[in-house]
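Since the structure comes first, as C-alpha cells, the remarks are kept for the end.
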Amino acid sequence: MSLLEIKNLHATVGDREILKGIDLTIDAGEVHAIMGPNGSGKSTLAQVLAGRDIYRVTEGEIVYDGQNLLDLSPEDRARAGIFLAFQYPVEIPGVSNMYFLKAALNTVRKARGLEELDAMDFLALVKEKLKIMDVDQNLLNRPVNTGFSGGEKKRNEIFQMAVLEPKLAVLDETDSGLDIDALRIVAAGVNALRDPRRSMIVVTHYQRLLNYIVPDFVHVLSEGRIVKSGGKELALVLEEKGYAGLGIEDAEEEVARV
Amino acid sequence: MTAVSEQIGNWLELFTAQPPAEAWRKQLRDGAFERFCALGFPTTRDEEWRFTSVAPIARTRWSEAPEAIAGSERAADAVAPWTTGGIRLVFVNGRLTGPVPALPQGLEAGLLTERSELNLIVPKTAFVALNTAFLGEVAWVKAARGAVVETPIHLVYITTADAYVAPRVLIQAGADAHLTVVESFVGTGAYFTNAVTEIAAGQGAVVDHYKVQCESLDAYHIAALGARLGQSANFRTHSISLGGKLVRNDIGAVLSEGTEATLNGLYIVNGSQHVDNHTTIDHAKPHGTSHELYKGILDGESGAVFNGKIIVRQDAQKTDSKQTNKNLVLSDNSVVNTKPELQIWADDVRCTHGATIGQLDAEALFYLQSRGIGRKEARSLLTYAFAEDIVDRIKVESLRDSLEKVLFEKFHEHADQ
Ligand SMILES: Nc1ncnc2c1ncn2[C@@H]1O[C@H](COP(=O)(O)OP(=O)(O)OP(=O)(O)O)[C@@H](O)[C@H]1O
Ligand SMILES: [Mg+2]
C-alpha cells in the first residue's frame, strides 16, 4: 500500500484556484523531487499536506497511511508522522526552541504510544541529533527561529525533523539561500534520515541539491498541475534546457527578459 | 445634584465614624475630605475618565473593613504570586498584622508615625483625596542615604470583606540608596481598594518598584502612584494587573536632570474585566531618559485603556523618551482604547511612541501545530510568549518565577475558551 495518495487535488486561496488537479502517489521509502517555476504551487501543495487552513481544498482527496488526511488537524497530521520543513520558517519570539521542541516531541511520542521523555533524556537525544546536523547548541536556548540567519533557520528545520522522525517529510526549498558548505551539511542530515520506512517530498529549484539527495522520482509542477514526471535524469534535462525546454513558461523569467 | 450629595452623605457618615487620630493625620484627613466633597467622583465626561466609568463605585454604600480575620494570610498565599525570602509586611483589611521583621542596616520599615513627605508627591485627585480622608495605617519604607538594601521589601494587602480599604504607602530612598519594593493586592469578595503610593528617590538612588494586582474578580481597584525622582536617579516600576472587576492605575513620575525612569506594565483581562492604565512621565529637566512598555492581553468581553502622557518641559533638552503599548486581543468582543499624549515644549529631544492592537500570529500558530503541538496549547504558548518580555524584566527572581507560574496557568484557562 502507498504511504501517500493524492488524487485530483484542487485547492484555492480566496477565490483563486492554485492547485488544479494534482495526482501523486508515494510509496514507503521513496524520495520524490518536485520542481517547477516560481508561483507554480509547490509551497501550496506542501502547506495543504501539512493542513494550513488558508488553502481550501475544493476537489479531490489525500489518503495518507490509510486515513483521509484532509479530516485531520495540522497537529494530528504531525502526530501521524507528517513533517513540513517550511520554505520560510516562522520566527516566534518568546518561545524557547528547547521548550518548543520538547513539547512537540512529547506529543508526537505520546501519539505513537511511546513514553514521554524527561528533561535529561530529551537533552541526550537532542545532543546526538545536533551533532549530525552540525547545529550550534546555543540555537536551542534562543527563541524559535528568532534572529536566526537564513541558513540557521533551514538547518533548524532539518534538525527538528531529525528529532521528530517523521514518516513523510516534505522539504520546501530547504536548499534555497544555503552556501555550498551549508548545503552539504543539510543534505547529509537529510540523507542520514533516509530510511525504507520514511518517504520524502523534496521541493527545489536546483539540480544541485539532487546531486546530494538523489530522488527516485522527479515531478515538474506548472500552474497547479504536474506536467511531467520521470526519474532522477529529468532534473538534469531541466538543468540543461530550462522549463522552456519542456514547453513550460516560467512567468518570473518571462518578466525578467522584458 | 441629589445623587452627588447622597453619595457624599454616605461617605460623610463613614468619615465621621473614624476613630480619632493624631493632629497631623487629622489635618490631612480633614483637608482631603473637603477636597473630595468639592471634586466628587469623576464621570465619563471627564477627559481623563472617558473610557472608564466609576459609577458602580460611586453608587455603592461602602462600609469600613472589619478587623483582620485569622488565617486570611494563609488563604491568600494560594492565589498570589509572592516573593520568598524578602521582608514582608502583611496588611489585612488595611491593618498591619504581625510584628515588623528584623531589618538590615540602613532600612526602616513599618508604619509611618509622622507626616514626613506624605501627600506631597502624588496629584490630589478625587480618589487620592478619598484615600487621604481615610488615612489609617501608612506603610513606610525608607532606605538611608547610600544604603544598598538587597532584600526586597514586600507589602502585601489582603482584603477579606465587602468594604472600603485605603492602603497608603510612602517609600523614601535617600541619595545613592538602592531599594526594591513589591506591592501585592489580593482578596476575596466585592470590595473597593483605593490605594495611593508615594515614592521619593534621592539623587542617584536606584529604586525598583513592583506592583502585582491580583484582586478578587468582584473587586474595584483604583490606585495612584506618584514618584518624585532626583537627579541621576534610576527608577523602574512594573505594574502587573491580573485581577479586579474594574481597575484603574494612575502612575505619575517627575524626572530631574539625568534621571532614568522605566515604566513597564502588563495587564491580562478576561470576562467583563476592565483595566485602565494612565501614566504621566514628566521630563522637567535636561538629559532625562524614560522607557515605557505596556502590554495587554484581552479575552472575553474585557476592556482595556492605555493613556500614556509624556511631558517634556522647555528646560528638558536632550530628553530621550520611548513609549510602546502593545495589545493582544484574543476575542472579538474585547475593546482596547490606546492613546499616546505627547506634550513637548523643548526642541532638542527624541521622543518615540507606538501602539499596536493585534491577534495571535496565525502563521506562528500553524508552525507550532505543524510540529504536533495542539491548537489550545499553541495558543497558550504564544499568549505566554507575548507577555514574556515584561516578565523577563522582573529582577526579583522569586517574584518572576511565581508570576511565570500564575501566567502559565492563566493562559491555559484562556486557551480553553
Ligand atoms: N496566502 C496566499 N494568498 C494569496 N495568494 C497566494 C497565497 N499563497 C500562495 N498564493 C499564490 O499561489 C501561487 C502559488 O504559490 P506557491 O507559493 O505555492 O508557489 P511556489 O511554487 O512555491 O513558488 P516559489 O518557487 O516562488 O516558492 C502564487 O501565485 C502565489 O502568489
Ligand atoms: Mg514556494
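Throughout, a chain's letter reflects where its sequence line sits, starting with A, and its residues are numbered from 1.
Note on Gly51(A), Pro143(A), Ser96(A): by heavy-atom pairs under 4.5 Å with chain B, the leading option is Gly51(A). Most heavy-atom pairs under 4.5 Å with chain B: of the set Arg79(A), Met161(A), Glu91(A), Arg77(A), this distinction falls to Arg79(A).
For a residue to count as touching a neighbouring chain, one of its non-hydrogen atoms must lie under 4.5 Å from one of that chain's; by this rule Asn145(A) touches chain B with the side chain only. Residue Val95(A) touches chain B through both its backbone and its side chain, counting heavy-atom pairs closer than 4.5 Å. Heavy atoms of Gln369(B) lying under 4.5 Å from chain A belong to its backbone as well as its side chain. Neither the backbone nor the side chain of Ala387(B) comes within contact range of chain A; no heavy atoms are under 4.5 Å apart.
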**Q.** side-chain contact (heavy atoms from CB on, under 4.5 Å) assessment of Arg52(A) paired with Glu363(B)
**A.** CA-CA 9 Å; Arg52(A) 182 81 207 261; Glu363(B) 267 191 71; 3.6 Å; yes

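Counting all heavy atoms, side chain and backbone alike, Tyr367(B) lies closest to Val144(A) at CE2-CG1, 3.8 Å. Ala78(A) and Ser370(B) get closest at one heavy-atom pair: CB-O, 3.3 Å. Minimum heavy-atom separation, Pro93(A) to Ala385(B): O-CB, 3.4 Å. Shortest non-hydrogen contact noted between Ala103(A) and Ile373(B) is CB-CD1, 4.1 Å.
Arg350(B) CZ: 12 or fewer foreign heavy atoms inside a 6.0 Å radius. Heavy-atom neighbours of Glu341(B) CD from other residues, nucleotides or ligands within 6.0 Å: above the threshold of 12. No more than 12 heavy-atom neighbours from other residues, nucleotides or ligands sit within 6.0 angstrom of NZ on Lys326(B). Around the CZ atom of Arg56(A), the shell of radius 6.0 Å holds no more than 12 heavy atoms that belong to other residues, nucleotides or ligands. At most 12 heavy atoms of other shown residues, nucleotides or ligands fall within 6.0 angstrom of atom CD in Glu397(B).
Under the 4.5 Å side-chain criterion, counting only non-hydrogen atoms from C-beta, Phe366(B) is in contact with Gln47(A).
Separating the OH atom in Tyr384(B) from the OH atom in Tyr99(A) is a distance of 9.0 Å, to the nearest 0.5 Å.
Listed for the Arg371(B) side chain is a donor-acceptor partner under 3.5 Å among the backbone atoms of Leu84(A).
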